[in-house]
Every structure is written in C-alpha cells, then in structure tokens.
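Order of appearance sets the numbers: ligands from 1, and atoms from 1 within every ligand.
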Amino acid sequence: MRVINKIEKAYDRNLILIFEGDKEFCEYISEDGKKLIATMIEKEEFTGKKGETLSVNFLQNGKLISMDILGFGKKEECSENIFREVLFKYLSGKSGAILISSNREELNRADLICEIVGNINYSFDEFKEKKSNKVDVEFFSSEAIDITESLILNEATDITRNLVDLPANIINPITLSERVIELGKEFGFEVEIFDDEKIQKLGMNLLYSVGKASVTKPRLIVMRYFGDRESEDIMGLVGKGLTYDTGGLCIKPADSMMNMKDDMTGGATVIGTMCAIAKNALKKNVVAVVPACENAINGNSYRPGDIIQSMNGKYVEIINTDAEGRLALADAITYIVRDEKVSEIIDVATLTGAMMVALGTFITGVFSNRDEVYSLLEKSCNKYGERVWRMPLNEEFAEELKSEVADLKHMGNRWGGAISAAKFLEIFAEGTPWTHMDIAGTAYNNSTKWYKKGASGVHVKGLYEYCKNR
Ligand code: BES
Ligand code: MG
Ligand code: ZN
C-alpha cells in the first residue's frame, strides 16, 4: 500500500469510492469516461448503495481503463465499520494493481484502506506450492498522508497471525522463544528466556506442571521495552502461550482439539504488540510476558486431584487438566507484578469455551477491575474495528473457587465459566489494575465482516493504541 499524488502507471483496476447519490466522482477521468459512467448509471440505476459496484471500461488517452465505482451507502450512515465491511468485501478475491481514489473527504481514509489491505493480503501459504494472490493498492491523494504507523501495525499483526497459524510441530515453547529473540533484535526490544529450571527455581509450579509432560519443556518469555526512562510507570502485558492444548489427562475430543495450535494466540498477540510498540518507538515503558508451554500427556502429566503451590504461595487443587491456561497465566501474573513491578496488567488469552458460547466469534469478552482502563481499552480497540464487550466480576463467582483440601481450586461450575476463570486470575493480580481479555471466540475465524478465515490477529492494534494513549 502506497499513497501517491501523481499517476505514473497503468492499473489493473481503478476504484472510486462514493456515497449514495454522488454524481462527481473523480478529476482524472476523461470527459468521455465521465459521459459513459453517467449513462451507465442512468441505465443500470446504480445509485451507490452500501456495497453496490458499477464496472465500466473506456478508452482514455488511447489506453483501456477498467473502472469500478463502489458505493458506501448514505453518508450519514457510513460508520468506520461499514467502510471496513464494504471495502473488505470488494477486495476479497481480487489481485493485481489497484488505484483507489475518492472525491469525498470522509472516504479519503488511507488509514482504514491500509488496515483492510493488510487483512486481505495476509495469507498462510508457506507450506503450499501455489501462493495466494495479493492486491497491490495505491491510494491517490493530493495531500500527503503518512501511513507509516498503519504499515507497521499491519506488519506486527501479520507476525501474530503467522505465529498462530503455524502448527504445534513447528511452534513449541522452545522454538517460540527462539523466534521472539529474533523479533526482539529486529524490532528493538530486550528478550529474556527463563528455562524450565529457572521456572521451577522461581516457584512457578503451576506453569511448570501444565507443561512438564511435553518433550519441549515450559519457557517464560520476557520482553522489555523502555521508551521512557524518566517515568517509573510500566505497562504489563501477559499472553497465554499454550503452544498446544490436548486437554492433558482430561483429554479433549478429537473435534475440539483440531484448532488447539492457536491456544498461544494471547502470547502471539502481546509479541506482535511489542513489535508494533518498539518499531513505532513509543515513549512508554512496556514489559510483556508469555508463559509458553504445551499441555501434553505422558507418565509425568499433572492430574485432577493434584495440589500445586503457585508462585504467589497459594496451594491450588487441580480439578480438570483442560483448564490449564489460567494456571500458566496465574504464575505469569504473579511474576510480572512482583518481579517486573508493573503498574498495570492486561492479559490476553484463549481461555474458555464458555466465552465463545456467551459472545460468539467476533466480540472479545473483557474483564477489568478498573472502569477507566476498560473505557480506554474499548476506545482503543474500536478504533481498529476490534469489538469488545465488558463482562462482570461478581464475588459469587469467586466463592466457587473454594477448595476442601487447598487454598483454592482453579475452576468453578459450568455456568458462567468464563467469569469464574477470570475470578481465578484476578487473585494473582493482588490489587494491581488488571484487565483480562478472553479471545477464545475471536482469535480464529471462519471469516467475519472484515477478517479472513484463520488467525485474526485481533487486538495487536488495539493494545498498541491503548499503550500509546494511557
Ligand atoms: N484453550 C481452551 C479454551 C478454548 C476453547 C479456546 C475453544 C478456543 C476454543 C481452554 O484451555 C479450555 O480447554 N478450557 C476449558 C475449561 C473447562 C475445562 C473448565 C473449556 O472451555 O472447555
Ligand atoms: Mg484447555
Ligand atoms: Zn487452553
């Protein structure tokens, strides 16, 4: 994607964005072209309703111009999300060089076009001989528009999506750590990896127990970016990094296991966010932690009934080994609060199927112990078309976590399962401002209005925006 102010080449398509009822389209079309479009509009009764397209071909300076006019509906009804939806639908399946322009100031949205082109052009095809087609978009604007930030956000989002799409025979706790070390060098943040010995030494027994049955043992990936040495304020990000979730001894049925390579999406999201923050050189301090492990099965697996001491000292009774994410996260949250001394935490996790039941596949459930954090996070996510909804944290759900044999158990009953999971995490934040994003439904799509099928990369941009503005 580029912004240009001079047309110097021929395009496979020229795309003009209009509102319903617009008659003046574009300065650079010849009189003949304008006339042709006018008659086509009369004949076909094209008015520019939301998503409506008119295609015309005409000769201009001896060259055949192929032009599409895309309607965005009524100006007053065209929200940013409608813009995303209409452009995404139009560009889906297209390829080649496309010139986009608009007479309308409101449709002159190089930032949104860049975002949608990023969503369209990402593909996971490194294991396919036949690569998918890409669109090569240029946006015509007489004024200079800087899209550097948007391009970096796309790059960071693609890193996240690729890490999620890569299968668990390639991405395990160790290879994920190696990739993050490389990303740290490339994008400019510090990376420290704690191996399984260090994890045990620190008392992170919950994390260790979840991952100990795998041949690739747990790692704690710590990323640090200090863009403001004068400030003591440190934003803390935590991402669930289950490189595969079989369910452990409480094994998942085959159908439910199929997509469990993306149980490290929360981790991949905070990794992508760190890339965006560092490359855009934000004047902020951010530390991100990913507890990376694989919930596998062998003779050394942790079991229902086990009692394990967490890093914060509390003993936890294990009920179901498939509720493993909250265990790995609990120790990571204790670590980031106590050892990294962050001022605030946001964790991101594909935590519960119950979240997906509650909100479906395009809205992330967000839990927070601070109203002002939720408000800013909602605004930051919405800026990038990432939809969120606030969930409750009533004390009744914490009561479900009482155990007969230990300080607490890690899960409550089935009803409101996403909330009792959040209540479990809240304990480990120890009163620090804490927000939890359950992305079980939104991490991976079967395509929504402006995300393709596969890893969505959702919240890389929203979290970046949040860190930038807090
Ligand atoms: N990784 C899953 C949650 C999940 C489910 C993510 C579906 C994406 C799609 C998590 O570890 C899990 O297995 N949760 C259990 C918890 C239950 C045992 C309390 C669940 O939701 O069934
Ligand atoms: Mg599980
Ligand atoms: Zn899981």
Per residue Asp263, nearest N, O or S atom to the Zn ion (ligand 3) is named OD2
Has Lys461 got its NZ or CZ under 6.0 Å from the middle of the six-membered ring of Tyr464, at an angle within 45 degrees of the ring axis? no
Please compare Arg326, Met264, Glu324 and report which has the shortest non-hydrogen distance to atom 16 (C) of ligand 1. Arg326
List the closest protein heavy-atom neighbour of atom 19 (C) of ligand 1: residue, atom name, distance to the nearest 0.1 Å. Met411 CE, 3.5 Å
For Ala440, atoms of ligand 1 separated by under 4.0 Å from a heavy atom: 6 (C), 8 (C)
For Glu324, the N, O or S atom at the shortest distance from the Zn ion (ligand 3) is OE2
Does Met355 have a non-hydrogen atom less than 4.0 Å from ligand 1? no
How is the N/O/S atom of Asp245 that comes nearest to the Zn ion (ligand 3) named? OD2
Are the side chains of Thr350 and Met260 in touch, meaning some heavy atoms are under 4.5 Å apart? no
Among all protein heavy atoms, pick the one closest to atom 7 (C) of ligand 1 and tell me residue, atom and distance. Met260 CE, 3.8 Å
What protein heavy atom is closest to atom 20 (C) of ligand 1, reported as residue, atom name and distance in Å? Gly353 N, 3.8 Å
Looking at the Mg ion (ligand 2), is one of the N, O or S atoms of Asp322 less than 2.8 Å from it? yes
Is it the case that more than 12 heavy atoms not belonging to Lys201 sit under 6.0 Å from its NZ atom? no
